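Working notes, beginning with the structure itself.
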Amino acid sequence: MNLFLKRSMMAAALICAIWTPPNASAQPSWLQAEAIQAVLQGAAPIQPGVRLDIPAVTQDGSSVQVSIDVDSPMTPDDFIDRIHLFALDNPSPELIELSLTPLAGKASFTTRIRLDQSQTVVALARRSSGEWLAAARDVRVTVSGCLSREGTYRSEQLMQARVRVPGQGRQGAPMEVRTLIQHPMETGLREGPDGAIVPERIIERFEAAIDGEKVLTAHLHRAMAANPYLLFMIAPERSGELAMTWTEDTGVAATERASFEILR
Amino acid sequence: MLKRITIFEQKWLRRAVIGLFAVCAIASVSGCSANAELQEYSAPEPLDAAAEGLSLFERRVEVIAMSCAACHGTDGRKATAIPALAGKPFPVLNALLLAYRNDQMPDATVMPRIAKAYTEEELRAVAEYFANITPGAEE
Amino acid sequence: MTMNRNLTRRESLKWMGLAGLGAMTGFPSLSLGGDAPSGHIVVVGGGFGGATAAKYLKRLAPSLDVTLIEPERRYITCPFTNLYLGGVRSFESLWHTFDELRDELGVTVIHDWAKDVDVEGRRIQLSGGESLSWDRLILSPGIDIRWGDLEGYDEAAAELAPHAWKPGAQSRLLRRQLEEMEDGGTFVLVAPDNPFRCPPGPYERVSMVANYLKNHKPKSKILLLDAKDGFSKQGLFMQGWERHYGDMIEWVSRSNDGLVMRVDADHLEVETEFGTIHKADVLNVVPPQKAGFIADRASVTDASGWVPVKPRTFESQLVAGVYVIGDATQAAPMPKSGFVANTQAKVTASAIIADLRGLPPVDPSWANTCYSLITPDWAISIAGVYEVYDELIREVPGSGGISPMDVGSVFRKQEAENARAWYAGIAHDVWGTRSLS
Ligand SMILES: Cc1cc2nc3c(=O)[nH]c(=O)nc-3n(C[C@H](O)[C@H](O)[C@H](O)COP(=O)(O)OP(=O)(O)OC[C@H]3O[C@@H](n4cnc5c(N)ncnc54)[C@H](O)[C@@H]3O)c2cc1C
């Protein structure tokens, strides 16, 4: 095979990853999934433009990194206001819902999820005009022979958060924010050492705001990986302070703040 | 060096005997005697099969047996803390493999984990494969 | 029932006698029968996968023309490099030659690099200018480092902060740095995310380095910064570390800010995802990896940098007639180990010969056993057997697994002896090495 052929094959692979619009006769089956219809309410995603990055094969279903990136100018007139992520064959398919404002600058985030088995992962994104975009990827989950896995969560660190916010940025150039909070994200499906079910206990909400103005809110479900991780973007106009709050289903919350300077 | 090998071999043989007992135990439950099995066994008959191709099953067993060489040396000829297999008596090899498969080998390390991946028929064929290799010099 | 059993056994005896006959007459062919297959098979790489493939092609079908291309006259294994670093094994004991392949099996061994592959013309170009045509091509090129993927880690940086993940000069450099380190210094190892060569490798490495430091520089510390939240045989490793090295080894998981984002080799510093700077006295970076470059030249890699293969034969999914084995492939759940490369080579040799004879490939079986030494007398293992099910590779249900958690030193010592015996066995099988230096 020559180089040209190879390039075009790789390009083809990329194009497939950005899902092409379905025509009425050939709707992908994942569109019909209950969890997805509950969000779409019959609306059909009509445009490509969601990039869903997830390994095709993963050797550790307990923490699979996934990135979503949606083409959007993120201006007050035209931005992505919601992103949903699903793992269709998990015991509960919902993973996370994000609601965004133009202050994010870029409709892009990275997180880590749990995959119970090989399955299809679906991302839906809604434009502020109300149109839905979508992407789906098949992921194969294997437990590698050399990778038996145990939990690494340490109880004394519960609700300890780590954040990384650039101290300085330029106006109009979105900046990357990394966050992580120590939490077991107990699914309520697992047996403890005594054989009894460990009750569900999760971080259920994450909010980020700059000087009181919302950038993003996330609703997390139990299939998010332990120690919830979220990488997202902010594009503030002027210097200020980013506040990030995690809330547990018990009502307990933790907040971290970081200030930054914006150069013009 | 020679002495060392002998000690390991003895240890290995002791295990083989334990394994054989284990097999006898199962065999007597299931109504057929492992002793009969032992007596019945004789050297393979001469063959005229040189022109005959191997069946799928035989080729699969060949692939399985070749994977043993990754620890036991090519053709199972390497004798170390891991014993050589080439030319060992079929009943011993077969009994051992079955005992590993059925978790009847005290102190076993990796072999039970491996033997459980195969059917008894495959293990028997693997035992025959190595029993039929002329030992030659163990390396 | 007895009748039936006897019949089955007699049948397999017939076949076994056949194989035995081969061995007795010194004729190395096991798969007798059918037409003797002919053709030229070119194998690239004389490591665990390639050398085994060349050897077993010749053993299974001596009528084949087999050429092995490998730049080095002496292959140095990665397995047991960690023991060398730990001061419990000589460097020379890791060396192997291609004498058996060339002199006893009649493989043509060319010491050169394969530079480029013309998959349509079925030709391969060597650095020395020669070009060869093939009927079937097997690539077992191992890994290449993704230079620059980890900010600041390029080839120049590796001269200061070695990876020692491909054997040779890099291992010697790391050993020298350990010898020169002062008592009380910090050894930092940066471990990559999956997939990478030898999943338990980084953890065995810190064990063996700890073994050296405990005996020679007991005030020193080891910091293991990990891009993952869990690792192979984790419970067994951590139990062993605590027992033998107290708190000398600290493992930092990804969720505890173990992910290294930037390397400053000049100052032996690394920066993590959340901005912590760690200073090392000896810095060992195991960087992100991909298939050896020749796989790219043969157009068999995909966007991941690894090679997708057909599970039954390991023929490339992208180019017919090109087979890829070993670390370069996407063969999960099989790990990237020398043991796996060895058994993949055998399955592929069998499949190629079947194909040349117009026969279907068999239901394959691959195996793996990875030993890790925590001290010279305390080892743990993981074993697995793999099969094709539903056209995908999977671990055979009910088999495989790791050493038990709570056993005494006798069991662990037995596994340490088995580890050394395994090395001797596989060296015998791959390169015909009869005694180790
Ligand atoms: C520290 C460490 C410890 C390990 N311990 C173990 C262990 O205990 N057990 C185990 O099973 N595995 C272990 N491994 C893994 C093992 O080393 C690899 O899985 C194995 O080497 C893979 O075999 P391969 O044939 O794919 O590649 P390699 O063995 O790397 O062989 C590739 C060969 O191809 C040659 N080559 C590359 N490109 C070309 C080209 N273009 N032209 C010609 N020749 C080329 C290279 O020179 C090399 O000789 C360990 C690895 C490391 C790093």
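Worth knowing before you read on, the calculation uses all heavy atoms, side chains too, and leaves out hydrogens, waters and symmetry mates. Proteins come first, then strands; the chains are lettered A, B, ... in the order of their sequence lines, and each starts at number 1. What you see is a predicted model, and the numbers here were worked out from it, not measured in a lab.
- Side chain to side chain, Arg59(C) and Thr74(B) fail the donor-acceptor criterion of an N or O pair below 3.5 Å.
- Of the listed residues (Ala345(C), Gly432(C), Ser381(C)), the one with the most heavy-atom contacts under 4.5 Å to chain B is Ser381(C).
- In this structure, the side chains of Ser365(C) and Glu122(B) stay at 4.5 Å or more apart for every pair of heavy atoms.
- Distance alone, capped at 3.5 Å, is enough to place a donor-acceptor pair between the Lys346(C) side chain and the Met66(B) backbone.
- Looking at heavy atoms from C-beta onward, Phe339(C) lies out of side-chain contact with Ser67(B) at the 4.5 angstrom threshold.
- Nearest heavy atoms, Asp429(C) versus Ala70(B): OD2-N, 3.9 Å.
- The structure places CG of Leu56(B) at 7.5 Å from CG of Asp363(C), a figure rounded to the nearest 0.5 Å.
- Atom CD1 of Ile82(B) sits about 8.5 Å away from atom OG1 of Thr369(C), to the nearest 0.5 Å.
- When atom types are taken as modelled, the side chain of Arg59(B) and the backbone of Pro360(C) share a donor-acceptor pair closer than 3.5 angstrom.
- Partners of Arg101(B) according to the side chain to side chain contact (heavy atoms under 4.5 Å, CB included) rule, which considers only residues two or more places apart in sequence or in another chain, are Ala115(B), Glu120(B), Leu123(B).
- Defined by atom type and a distance below 3.5 Å, a donor-acceptor pair is missing between the side-chain atoms of Ser399(C) and Tyr118(B).
- For the set Val396(C), Val385(C), Asn342(C), the entry with the most heavy-atom pairs within less than 4.5 Å of chain B is Val385(C).
- Looking at heavy atoms from C-beta onward, Glu417(C) lies out of side-chain contact with Thr80(B) at the 4.5 angstrom threshold.
- With a 4.5 angstrom heavy-atom cutoff, Thr348(C) does not touch chain B via any of its atoms.
- With hydrogens and angles ignored, the 3.5 Å screen pairs a side-chain donor or acceptor of Arg60(B) with a backbone N or O of Pro364(C).
- Heavy atoms closer than 4.5 Å to chain B are found in the side chain of Tyr371(C), but not in its backbone.
- Within the model, atoms OG1 of Thr109(B) and CD of Glu415(C) stand 5.0 Å from one another, a figure rounded to the nearest 0.5 Å.
- Residue with the most contacts toward chain B among Thr52(C), Val347(C), Leu359(C): Leu359(C) (heavy-atom pairs, distance under 4.5 Å).
- Annotation: maximal heavy-atom pairing with chain B below 4.5 Å, among Gly401(C), Gly398(C), Ala349(C), occurs at Gly401(C).
- Of the listed residues Ala367(C), Ser403(C), Ser350(C), the one with more heavy-atom pairs under 4.5 angstrom with chain B than any other is Ser403(C).
- The CZ atom of Arg434(C) sits 8.5 Å away from atom NZ of Lys78(B), with the distance rounded to the nearest 0.5 Å.
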